[in-house]
Amino acid sequence: MERYNFLKIEKKWQENKSAINVRNNNSKNKYYCLEMFPYPSGKIHMGHVRNYTIGDVVARYKYLNGFNVLHPMGWDAFGLPAENASKTNNLHPKKWTNENIKTMKKQLKMLGLSIDWDREISTCDKDYYKHQQELFIDFYNQGLVSRKETYVNWDPVENSVLANEQVINGRGWRSNALVERKKLSQWFFNISKFSNELLKDLETLDGWPDKVKLMQKNWIGKSLGCEINFEIDKNGKKICVFTTRPDTIFGASFIALSPDHDLSKNFLNDKKFLAFKDECNKTGTTEEALANADKLGFETHLFVKHPFIKNKKLPIYFANFVLMDYGTGAIFGCPAHDQRDFEFAKKYNLEIIKVVNDGSNDNDLKEAFLGAGKIINSDFLNNLDINSAKKKIINEVESKKLGKSKTLFRLKDWGISRQRYWGCPIPMIHLDDGSIVPVEKDELPVQLPENVDLNITGNPLEKHPTWKNTTQKSTGKAAIRETDTLDTFVDSSWYFLRFCSPNNKSEPFDLKEVKYWMPVDQYIGGIEHAILHLLYSRFFTKGIKKCNKQFTLSEPFKNLFTQGMVCHESYKDGNGNWLYPSEIEKIDNKTIVKKSDKTKVLVGPPESMSKSKKNTIDPEVMIDQFGADAVRWFILSDSPPEKDVQWTDAGVVSANKFLQKVWNLNHLISARKEKGVDESTEKKFELELNNFIFQIDNSIKSFKFNVSIAHFYELHKFFKDNLEMQISNKLLNLNLIKMMKLMMPFTPHLAHECLELLGCKKVYEWPEIDKNKISDKIKVAIQVNGKTRDIITVKKNLIEKEIRKIVLDQPKVKKYIEDKKIIKTIYVKNKILNYIIAGK
RNA sequence: GCCCUCGUGGUGAAAUUGGUAGACACAAAGGACUUAAAAUCCUUGCCCUUUUGGGAGUGCCAGUUCGAGUCUGGCCGAGGGCACCA
């Protein structure tokens with residue numbers, strides 16, 4: 001028997017188009033299976049292998065079950081690394097990107113994925129971004145794009161603006177540089193216009209993990225409250241305040257304004273105020289800074305009238321903890337029931353009035369009381385609970401025209417301007433009269449210039465000598481192009497629509513195709529995109545719906561699966577330098593040394609693979625060494641796909657061994673001599689096999705691929721055990737074909753090869769459970785006082801009387817009951833029979 | 001600080017969703033085959049017992065139940081999200 005030559009066989013099936021095809025135009029049912037497309041950074045990594053293997057199992061499984069499956073792949077090809085690489089290697093971003101795409105495409109093909117490469121798209125391709133510019137203009141015309149002067153998160157290393165979401169703990173998500181505040185005029189998508197819809201429609205996403213929905217819900221951050229106007233006693237001007245706790249209005253003891261609040265204009269000549277504002281800006285945005293920041297205030301010596309307490313005045317402060325971009329940039333402070341206000345009041349000796357009963361008579365609070373209780377010290381609100389008090393006070397506020405109830409969202413508009421070269425140009429032009437208008441659609445695409453100097457600081461497009469000079473087509477007026485490019489998250493916010501008709505020249509997508517394929521039936525990707533990418537894609541879908549009456553889709557992704565990361569141990573030498581796994585050597589179970597000089601190596605715990613820790617494993621090396629099927633097999637076998645998995649060499653070795661055994665099994669069966677036939681043995685064999693089909697099918701459906709794989713190990717052993725039994729070769733062959741079909745989604749190369757050897761004609765169909773060969777027996781656990789004492793195999797669906805007759809004859813059970821009195825029996829059909837007996 | 005998730009052998013994990021805990025795999029120990037190695041196969045896995053067998057046992061403490069890894073409450077630990085959001 002030949003050893004399984006995976007190199008030869010995998011290549012053979014990768015070149016066979018029908019082996020990677022999952023389209024079935026005759027099918028009535030469509031299935032759109034999509035994995036998040038990769039950034040072409042150079043080579044694929046194990047995270048990609050896991051992501052795309054999971055997707056491939058789903059796509060192939062659905063295809064085998066008769067679906068017409070769309071399983072495309074593309075490239076999220078714009079982005080900063082290309083520019084950085086071009087600086088270090090003197091390679092144009094386009095060239096660098098396209099070379100990476102070539103390499104990674106070759107690698108993905110080596111994995112044997114069932115991808116429809118005819119639909120490949122790349123976001124840096126002008127045929128793609130042309131349509132993105134069209135969509136941008138559509139959005140602009142619908143009022144979903146705006147230009148605002150705002151403070152932005154400025155990344156001093158990337159020389160670019162970052163979205164809030166790209167700032168992690170006050171640092172740039174890619175550069176890790178401390179982010180600064182800078183005022184700039186920027187383009188925005190008005191995602192906040194959809195706050196309510198984005199929140200509400202989460203409820204329709206039954207196929208999404210609750211965790212992701214919750215993260216989005218918190219991100220959108222809806223809060224119900226009300227706006228209240230306070231009158232400044234000196235000049236009658238109003239200060240509008242937002243609060244979610246209007247019920248505590250009688251506990252108000254001050255007003256606090258953001259240092260950027262309109263009223264600050266009156267203090268711009270006040271040196272003390274300017275110093276205070278400087279101090280606030282300096283605090284920074286880092287986590288530690290915010291956590292430790294003292295509450296700082298600046299006393300204005302102005303007062304407002306309390307709207308419900310005659311003759312009561314509240315002092316106005318500017319305070320560092322009030323944000324301009326949430327609510328109205330102004331609050332009323334109620335120290336007794338808000339921790340920040342409490343700290344502020346303590347520092348500046350302001351009144352602390354308890355208005356919610358905390359159950360103690362102590363008036364000297366140690367901290368703010370945030371719990372529930374009856375309202376006190378509050379005139380007409382007294383004795384109400386918090387919620388009724390809110391309702392009553394809002395009514396009062398509205399009827400007295402002091403303000404109105406208001407719902408606020410934490411979600412802010414999406415800043416999309418980037419001062420970078422390698423991105424989609426924003427299709428807007430600036431005219432001499434100061435107006436900014438869209439490029440006319442027949443002028444699209446606004447193409448990136450090829451000759452560009454990336455070795456200058458600042459925006460390369462702005463510094464380009466000629467590119468930005470243009471004319472407005474319809475008027476012939478001179479114009480300057482917008483030199484900002486779009487955030488790359490825009491590129492990935494609609495690519496799933498483009499895949500439906502990737503070659504459409506005139507439109508972003510063909511409506512008919514979108515109607516057929518969308519929504520994506522199964523979307524698969526990393527949890528790190530739980531908020532950004534998924535929220536933006538949802539926004540885009542709703543935005544397009546608003547622009548196009550015939551586009552009726554509200555949500556792009558019907559089912560979402562977020563896979564875990566791939567981890568590996570890390571290694572450090574004696575000098576604290578990280579080492580690649582290929583640089584170390586295992587002497588025995590305890591000693592690991594550096595290959596080069598045999599010095600001892602420190603082993604770190606398994607962590608997500610990252611280049612900085614060098615704990616990466618190159619998928620291509622693994623594929624060369626063990627085969628794509630073995631790599632696919634192992635990455636699915638060890639952990640459930642939503643959890644992190646630890647890559648181990650031993651694991652992939654054993655995967656390879658097992659696949660070899662499956663290969664051997666095929667040959668053992670084809671070389672097998674007939675052992676005679678026993679009808680009942682054959683029947684038992686078929687019953688068991690049906691059971692395996694059921695279990696494997698079930699575990700695939702519920703994304704428990706590790707469990708499927710466990711069943712394959714059992715199934716293999718099951719075949720081996722039955723080789724000596726009185727079962728005909730014909731029956732063994734028939735069922736081996738079933739097993740190989742079951743393996744097709746996991747190890748397509750091996751499965752194809754074996755099915756060919758077995759002479760299988762109809763390869764692409766999922767084995768069905770033979771309903772005539774389902775066992776009518778079932779195992780029932782027999783318990784005494786809740787403890788299992790025996791397990792008996794009986795006919796299904798026996799009634800209690802029948803089963804008791806059988807059980808009382810069993811010696812194992814008799815022993816426990818003896819002459820003791822049976823108080824009660826509990827019988828759960830096909831599961832357990834439990835005797836409750838007196839005494840112990 | 002607020003919100004969420006998860007704690008099962010030496011390790012990764014199963015458990016038909018309240019009914020045989022530890023399937024399957026890795027690692028380990030012992031054994032078979034072999035001149036030897038590789039490859040392959042088998043056995044073992046906490047405590048008591050020579051065995052048959054029995055007992056304890058799913059982070060800790062309590063509760064509900066005939067029966068709890070699964071449900072409830074409290075505690076401890078790990079991970080994730082948000083964070084001066086009024």
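Letters A, B, ... mirror the listed sequences (proteins, then strands); counts begin at 1. When reading the values below, keep in mind they use all heavy atoms of this one structure, side chains included, and skip hydrogens, waters and symmetry mates.
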### Query
Any idea if B:U17 is syn or anti, going by the 90°-from-0 cut?
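It is syn.
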
### Message
Syn if the chi torsion is within 90° of 0, anti otherwise; quick check, which is B:G69?
### Response
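Anti conformation here, the glycosidic angle of B:G69 being more than 90° from 0.
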
Rounded distance (Å) that lies between atom [atom2] of [N] and atom [atom1] of [X]:
X        : N     : atom1 : atom2 : result
A:Ile531 : B:C82 : CD1   : P     : 5 Å
A:His529 : B:G81 : NE2   : C1'   : 16 Å
A:Asp325 : B:C84 : CG    : P     : 10 Å
A:Gln216 : B:C82 : CD    : C1'   : 14 Å
A:Asn320 : B:A86 : CG    : C1'   : 14 Å
A:Phe692 : B:U16 : CZ    : C1'   : 15 Å
A:Phe705 : B:A25 : CZ    : C1'   : 18 Å
A:Gln695 : B:A23 : CD    : C1'   : 10 Å

### Message
Considering every strand and a 4.0 Å limit on heavy-atom distances, what is the contact class for A:Leu323: base, sugar-phosphate, or nothing?
### Response
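Counting heavy atoms under 4.0 Å across all strands, the contact made by A:Leu323 includes a base.
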
### Task
Report which part of the nucleic acid A:Thr825 touches: base, sugar-phosphate, or nothing (heavy-atom distance under 4.0 Å, all strands).
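No contact.
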
#### Entry: Residue whose nearest RNA chain B nucleotide is more 5′ - A:Phe321 or A:Lys211
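This one resolves to A:Lys211.
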
### Task
Using the closest heavy atom to pick a nucleotide of RNA chain B for each, name whichever of A:Ile527 or A:Phe332 lands nearer the 5' end.
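Upstream on the strand: A:Ile527.
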
Pairing check on [N]: which nucleotide meets the Watson-Crick or G-U wobble criteria with it, both distances under 3.5 Å?
N     : answer
B:A36 : none
B:G12 : B:C24
B:U5  : B:A78

### Task
Kindly give the heavy-atom pair with the smallest separation between A:Leu314 and A:Ala252, and that separation in Å.
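Answer, listing the atom of A:Leu314 first, then A:Ala252: CD2-O, 3.5 Å.
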
Quick one: list whatever passes ring-ring contact (aromatic ring centres under 6.0 Å, His included) with [X], sequence neighbours left out.
X        : result
A:Phe242 : none
A:Tyr827 : none
A:Tyr835 : none
A:Phe230 : none

Return the orientation label for the [X] and [Y] ring planes: parallel under 30°, perpendicular over 60°, tilted otherwise.
X        : Y        : result
A:Phe746 : A:Trp633 : perpendicular
A:Tyr571 : A:His568 : perpendicular
A:His711 : A:Phe692 : perpendicular

If the [atom1] atom of [N] is compared with that of [M], how far apart are they to the nearest Å?
N     : M     : atom1 : result
B:C60 : B:C42 : C1'   : 40 Å
B:A78 : B:A27 : P     : 30 Å
B:U17 : B:U11 : P     : 29 Å
B:A15 : B:U70 : C1'   : 10 Å
B:U8  : B:G77 : C1'   : 15 Å
B:U72 : B:G79 : P     : 24 Å
B:U51 : B:U40 : C1'   : 32 Å
B:U64 : B:U20 : P     : 22 Å

### Query
Between A:Phe344 and A:Tyr317, is the ring centre distance below 6.0 Å?
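Yes; A:Tyr317 has its ring centre under 6.0 Å from that of A:Phe344.
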
### Proximity to RNA chain B (any heavy atom under 4.0 Å), residues of residues 239-254 of chain A only
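The stretch gives A:Phe242, A:Thr243, A:Thr244, A:Arg245 as the residues lying under 4.0 Å from the strand, ordered by number.
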
Residue [X], side-chain atoms from C-beta onward, closest of [options]:
X        : options             : result
A:Ala710 : B:C3, B:G81, B:C24  : B:C24
A:Tyr713 : B:U20, B:A25, B:A86 : B:A25
A:Lys717 : B:C42, B:A25, B:C3  : B:C42
A:Glu714 : B:A83, B:A25, B:A23 : B:A23

### Query
Sequence neighbours excluded, which residues qualify as salt bridge (charged side-chain N to carboxylate O under 4.0 Å, His left out) partners of A:Lys404?
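Applying salt bridge (charged side-chain N to carboxylate O under 4.0 Å, His left out) to A:Lys404 gives A:Glu227.
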
### Query
Listed by chain and number, what are the salt bridge (charged side-chain N to carboxylate O under 4.0 Å, His left out) partners of A:Asp644, not counting sequence neighbours?
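Per chain and number, A:Asp644 pairs via salt bridge (charged side-chain N to carboxylate O under 4.0 Å, His left out) with no residue.
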
### Task
Classify every nucleotide of nucleotides 66-79 of chain B by which part a protein heavy atom approaches to under 4.0 Å, writing B for the base, S for the sugar-phosphate alone and - for neither, in 5'-to-3' order.
B-------------

### Task
Give me the one residue out of A:Val397, A:Leu224, A:Ile394 that meets side-chain contact (heavy atoms from CB on, under 4.5 Å) with A:Ser405.
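Of all the options given, the one that passes is A:Ile394.
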
Sort me out a list of protein N/O and nucleotides 7-14 of chain B N/O pairs below 3.5 Å, or just none if empty.
unit_1 : atom_1 : unit_2   : atom_2 : d
B:G12  : O2'    : A:Asp638 : O      : 2.7
B:G12  : O2'    : A:Ser639 : OG     : 3.0
B:A13  : O3'    : A:Asn706 : ND2    : 3.4
B:A14  : OP1    : A:Asn706 : ND2    : 3.2

Taking only nitrogen or oxygen atoms into account, show me every contact under 3.5 Å that the protein makes with nucleotides 39-41 of chain B, one pair per line with its distance.
unit_1 : atom_1 : unit_2   : atom_2 : d
B:C41  : OP1    : A:Lys661 : NZ     : 3.2

### Query
Does any N or O in the side chain of A:Asn320 come within less than 3.5 Å of the main-chain N or O of A:Leu296, such that one atom is a donor and the other an acceptor?
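Side chain of A:Asn320 to backbone of A:Leu296, a donor-acceptor pair under 3.5 Å: yes, one is there.
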
### Query
Between A:Asn722 and A:Phe718, is there a donor-acceptor pair closer than 3.5 Å when you use the side chain of the first and the backbone of the second?
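Flag set: sc A:Asn722 to bb A:Phe718 pair under 3.5 Å.
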
### side-chain hydrogen bond (donor to acceptor under 3.5 Å, both in side chains) partners for A:Lys406, two or more places apart
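Once residues adjacent in sequence are excluded, A:Lys406 has no partner under the side-chain hydrogen bond (donor to acceptor under 3.5 Å, both in side chains) criterion.
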
### Query
What pairs of residues pass the side-chain hydrogen bond (donor to acceptor under 3.5 Å, both in side chains) test when at least one of them lies in residues 241-257 of chain A, not counting sequence neighbours?
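For residues 241-257 of chain A: A:Arg245-A:Asp247.
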
### Message
Can you confirm whether A:Ser637 sits close enough to A:Asn706 that some side-chain heavy atom of one is under 4.5 Å from a side-chain heavy atom of the other?
### Response
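Counting from C-beta outward, A:Ser637 and A:Asn706 never come under 4.5 Å.
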
